[in-house]
Amino acid sequence: MLRQPAAEFKSISFTEAVLDHVLPNPDRVEHGRQALYDTLLEDGLGLQRAVEHLQQDILPALNNSSRSPNYYGFVTGGATPGGEYADHLVTTYDQNLGVHLPNDGIATDVENKALILLCDLLNLDWNVWSHRTFTTGATASNVLGLACGRDFVVKKAGEKSSSSFEGVGERGLIGAMITAGLEHVQVLTSVPHSSLSKAASVVGIGRTSVKSSCLDSTPHRIDMDRLEEQLQSPRTASIIAISCSEVNTGLFATTGIEEMRTIRNLADKYGAWIHVDGAFGIMGRILSSPEYDDIIRGCAGMELADSITGDGHKLLNVPYDCGFFLSKHLDIAQAVFQNPNAAYLSTAPSSIPSPLDIGLENSRRFRALPVYASLLSYGRSGYVDMLKRQIQLARDVAVYISRSESFELLALPDPGASESEIVAGIFIIVLFRAKDPFLNVKLVSRINSSRKIYVSGTSWEGKPACRFAVSNWKTDVTRDLPIIVQVLEGVVEESKL
Ligand SMILES: *Cc1c(COP(=O)(O)O)cnc(C)c1O
């Protein structure tokens, strides 16, 4: 029987961590997997034994992907102490942030302020970004972006044919498109994150509607002529999706404010919506010194978009799960997400819209609190410092690889780039492979089986490749670079045996 759970759980230390390995010992994984229950117990174990099971069987079999600064897979981030502390409070206080009820508490005010602080950090005017909300992650934010964009572009076309046009939210996609004289809604982009196609499927546009607006020679860069040609497709409405740092390479779709202005002008001319997927790239907006020029230009002009995706659980380093979404069109948000005719949800008119009417979920976790706490704890300079350490490590790894006889750096700005040009182009991701093809096929598993560091496997130009993504707040170049170099050299030595 569950008695006094709060008191008993208090004795559990959440921060105790074994960090000498990134991955758990394989024996513990096997043991943990075998120890899991697969039948519901009639009477239960009791809290004490359930806690022991978690501590003895489950925790030792989890990885340290967020706790260890030497985990370089995906773009995982960590959890700052401020964010982690607040996240425990979120669980303890268990608020539901669906409806803004100003007399019942300040949770929705905290969410609003957290989003305002976040806009401030990212140099975005929160007054302009009137539709602001936290989501479960960048995938959910991309769903919101395409849902809002779809509503907007179909409405633009529909209003030409009828002054009393009812949008997608009311009529559904098919009905609204027929009235608007549309046959397609397309998403024009450079190399996108896989979740953009997933979002296109979810919102009924379809994965095949996601199209490249790039030249084959530069698949990461939007080509303006190609884009305009595609925007002219008859009976077609368009959403332009900007990959603001592509997850495999760290490359940006645009290279400065001028390109973003051109895209804005094209979008206005053809009634398109601009969505920026800045899941982790958006954090480049906090940088200001010249050594980060390439990154700064990659993030420039984001303020010209209609909507933006960002992730909290990546470079913002708050615990999973947390993403955010910003759009300039609060009216579209309400057209898409409004809960109709639910009298019990109605609130007095307020400057804070009820989150359930501007996003996907009705009942929602208080995921704003860790963001608020973390931003407050570290401030702008704390986040700038964190990001600089991450970029420095990525750049140092890139230099090591480019000088190494055994490895080769991939996705270079151009094949003859000098070392300083290579370094300038590196954000937090380093893509590389082993020159020896026999080692290369096993490279990722060899590196990860060290359990000292972890990298992601990917492919580049049809061959296996390996990818570092530096995203943890604990990153420390002096401590971490030697660990990485030692593992890479060990893998090369082992391959010679
Ligand atoms: C990680 C990522 C996503 C998906 O984010 P989740 O938080 O995993 O949902 C989308 N776009 C980009 C560019 C990403 O890096």
Side-chain angles (χ1 to χ4, degrees), residues 65-66 71-79 83 87 118 122 133-149 187-203 207 210 212 214 219-222 239-254 274-285 295 298-299 302 305 307-326 359-361 364-365 367-368 370-371 387 390-391 394 411 426-431 455-458 467-472:
S65 59
S66 174
Y71 184 93
Y72 306 109
F74 307 94
V75 179
T76 302
D87 205 62
L118 196 52
L122 301 170
T133 191
F134 284 109
T135 65
T136 52
T139 301
S141 297
N142 282 340
V143 171
L144 262 57
L146 294 196
C148 291
V187 181
L188 304 174
T189 189
S190 55
V191 177
H193 189 267
S194 58
S195 63
L196 190 76
S197 297
K198 177 171 169 173
S201 162
V202 171
V203 307
R207 284 185 281 263
V210 178
S212 169
C214 305
H220 288 89
R221 294 269 315 278
I222 301 262
I239 298 168
I240 303 166
I242 313 278
S243 297
C244 179
S245 205
E246 189 269 323
V247 76
N248 207 22
T249 58
L251 296 172
F252 293 85
T254 55
I274 305 176
H275 175 69
V276 174
D277 181 355
F280 64 94
I282 195 169
M283 285 293 277
R285 288 181 65 87
I295 303 167
C299 299
M302 206 181 271
S307 61
I308 299 175
T309 281
D311 242 329
H313 48 227
K314 290 182 179 170
L315 296 189
L316 204 62
N317 273 265
V318 295
Y320 282 89
D321 48 23
C322 180
F324 55 94
F325 177 76
L326 304 170
L360 214 53
E361 304 117 327
R364 297 167 72 248
R365 185 173 169 84
R367 48 177 75 84
V371 174
L387 185 58
Q390 293 159 351
I391 296 171
I426 298 282
F427 180 25
I428 55 148
I429 290 175
V430 183
L431 193 67
V455 294
S456 286
T458 180
R467 177 179 160 283
F468 272 95
V470 186
S471 59
N472 198 291

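We count ligands from 1, going down the list as the structure has it; atoms in each ligand are counted the same way. Note that the structure is predicted; figures quoted are calculated from it, not measured.
Near T139, with a cut-off below 4.0 Å to any heavy atom, the atoms of ligand 1 are 4 (C), 5 (O), 6 (P), 9 (O). Of all the atoms in ligand 1, the ones that sit under 4.0 Å from a non-hydrogen atom of K314 are 1 (C), 2 (C), 3 (C), 4 (C), 5 (O), 14 (C), 15 (O). Within ligand 1, counting atoms from 1 as listed, the ones closer than 4.0 Å to a heavy atom of G137 are 7 (O), 9 (O). Atoms of ligand 1 lying under 4.0 Å from at least one heavy atom of F280, given by number and element, are 15 (O). Atom numbering of ligand 1 starts at 1 in the shown order; those under 4.0 Å from a heavy atom of V247 are 15 (O).
The protein heavy-atom contact nearest to atom 5 (O) of ligand 1 is A138 CB, 3.1 Å. Among all protein heavy atoms, the one lying closest to atom 11 (N) of ligand 1 is D277 OD2, 2.6 Å.
N142 CG to T309 OG1: the interatomic distance, rounded to the nearest 0.5 Å, is 3.5 Å. In this structure, CD on E246 lies 14.5 Å from CZ on R221, to the nearest 0.5 angstrom. Atom CG of N248 sits about 6.0 Å away from atom CZ of R467, to the nearest 0.5 Å.
Distances shorter than 4.0 angstrom occur between a heavy atom of S195 and an atom of ligand 1. Residue E246 places every heavy atom at 4.0 Å or more from ligand 1. Heavy atoms of D311 approach ligand 1 to within less than 4.0 angstrom.
Between F134 and F324, the ring planes are perpendicular. Angles over 60° get that label, and only those under 30° would be called parallel.
Judged by distance alone, the side chain of H275 and the main-chain N or O of A241 form no donor-acceptor pair under 3.5 Å.
At least one side-chain heavy atom of N317 sits under 4.5 Å from a side-chain heavy atom of Q390. Residues F280 and L315 form a side-chain contact, since some pair of their non-hydrogen atoms from C-beta on lies under 4.5 Å apart.
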